[in-house]
Number of protein chains: 2
Amino acid sequence: MSSDPASRPNGASVLTAACPSRQALALIAGKWALLVIPALDNGPLRNGELLRRIGGISQKVLSQTLKDLERNGLVIRADLASKPLHVEYRLSELGRSLSSALIVVDRWAETHHAALAEARRQFDDRLG
Amino acid sequence: MSSDPASRPNGASVLTAACPSRQALALIAGKWALLVIPALDNGPLRNGELLRRIGGISQKVLSQTLKDLERNGLVIRADLASKPLHVEYRLSELGRSLSSALIVVDRWAETHHAALAEARRQFDDRLG
DNA sequence: CTGTATCCGTCGCGATACTG
DNA sequence: CAGTATCGCGACGGATACAG
């Protein structure tokens with residue numbers, strides 16, 4: 001924790017014990033932040049738009065996720081007071097810096113999901 | 001899903017709907033894979049060693065996490081049949097490719113956890 | 001040392017219905 | 001359109017005890 005992360009060799013003793021970085025990771029641990037943040041990477045989106053882009057998320061959980069991200073300064077909520085209601089969510093500077101890291105993870109998932117599935121198949125075969 | 005992820009501009013429409021990549025993300029969604037995988041990045045570690053390096057994880061959850069990662073072909077379990085028991089866990093090729101992505105996220109958490117805390121403080125202040 | 005088994009609380013999250 | 005309220009299930013995960 002005390003030394004500059006960038007000065008360390010790859011993956012050396014990172015995030016051990018109860019250092020406050022764990023709280024930061026809790027933001028990402030959920031299923032959805034990993035999808036919501038990159039979804040906003042290209043520009044502001046509205047609630048409904050997010051619901052459609054991210055399939056499978058419920059309105060409630062999207063609200064919760066956005067509120068949590070807003071609370072942590074990653075997402076900025078812009079309420080264009082109008083009728084019908086119009087609210088836009090966009091990434092803050094901080095949010096964008098996280099997004100670029102998460103996008104790498106998402107890309108990894110896209111690229112390797114087949115390999116994972118195959119590994120599972122083999123593993124389960126060898127048992128019953 | 002059909003196009004090469006690397007050919008896409010940053011964060012464009014990734015992982016929408018129910019594409020199989022979601023299963024891959026489920027591996028990471030938990031609290032612990034994010035810590036266990038980078039911990040193994042520098043070389044094989046034993047059960048007890050992992051318990052110490054990653055503070056706060058229980059024996060049971062570590063076992064579950066490792067088994068799940070092994071099942072998905074990310075971690076290789078080497079049982080050096082000996083007494084006292086000696087088991088080593090190391091990353092597979094696939095695991096290492098994921099690790100490099102996760103390390104970026106971990107570093108982000110280390111670097112920005114203070115900013116997040118500050119954002120939370122301000123946000124909570126503005127309410128009650 | 002390296003696990004598994006059991007108990008059990010918490011919370012993530014989905015479904016549905018309702019409000020501004 | 002945006003968002004909250006309520007209900008409820010099931011998975012995550014912690015504590016403890018036990019086993020090879």
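Chain letters run A, B, ... following the sequence lines, proteins first, then strands; residues in each count from 1.
Put simply, OH on A:Y89 is 14 Å from P on D:dC1, counting in whole angstrom units. When the P atom of D:dA2 is taken as reference, atom CZ of A:R77 falls 10 Å away, rounded to whole Å. The distance between atom CG of A:L50 and atom P of D:dG3, rounded to the nearest whole Å, is 10 Å.
Looking at B:L45 and B:R53, their side chains come closer than 4.5 Å, going by heavy atoms from C-beta outward. A heavy-atom distance below 4.5 Å is found between the side chains of B:L94 and A:W108. At a threshold of 4.5 Å between non-hydrogen side-chain atoms, the residues B:L25 and A:K31 do not count as touching.
Residues B:L50 and B:Y89 share a closest heavy-atom pair of CD1-CD1, 4.4 Å. Heavy atoms only, all atoms of each residue included: B:A33 and B:L102 are closest at O-CD1, 4.1 Å. Closest non-hydrogen pair, A:R96 versus A:L91, comes out as NH2-O, 3.8 Å.
The pair A:R52-A:E49 meets the salt-bridge criterion, with a side-chain N (NZ, NE, NH1 or NH2) lying under 4.0 Å from an Asp/Glu carboxylate O. Of the charged side-chain nitrogens involved, none lies within less than 4.0 Å of a carboxylate oxygen, so that B:R120 and B:D124 do not count as a salt-bridged pair. The residues B:R77 and B:D79 are annotated as salt-bridged, a charged nitrogen and a carboxylate oxygen being separated by less than 4.0 angstrom.
Of the residues in residues 78-86 of chain A, those placing a heavy atom less than 4.0 Å from an atom of DNA chain C are A:L85, in numerical order.
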- Candidate pair B:D68 and B:W32, rule side chain to side chain contact (heavy atoms under 4.5 Å, CB included), full reasoning: CA-CA 11 Å; B:D68 194 37; B:W32 298 115; over 6 Å; no
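Comparing A:Q59 and B:V87 along DNA chain C, the residue whose closest nucleotide (by nearest heavy atom) sits nearer the 5' end is B:V87.
Protein chain A contacts DNA chain C from C:dC13 to C:dG20, reading 5' to 3' and using non-hydrogen atoms of the protein with a distance under 4.0 Å.
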Counting primed atoms, P, OP1 and OP2 as sugar-phosphate and everything else as base, the B/S/- map of nucleotides 7-13 of chain D against protein heavy atoms under 4.0 Å is B-----B
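Checking B:S97 against B:E93 by side-chain atom types alone, no donor-acceptor pair falls below 3.5 Å.
Phosphate proximity of D:dA2 to A:R46: present, with a side-chain N or O under 4.0 Å from OP1 or OP2.
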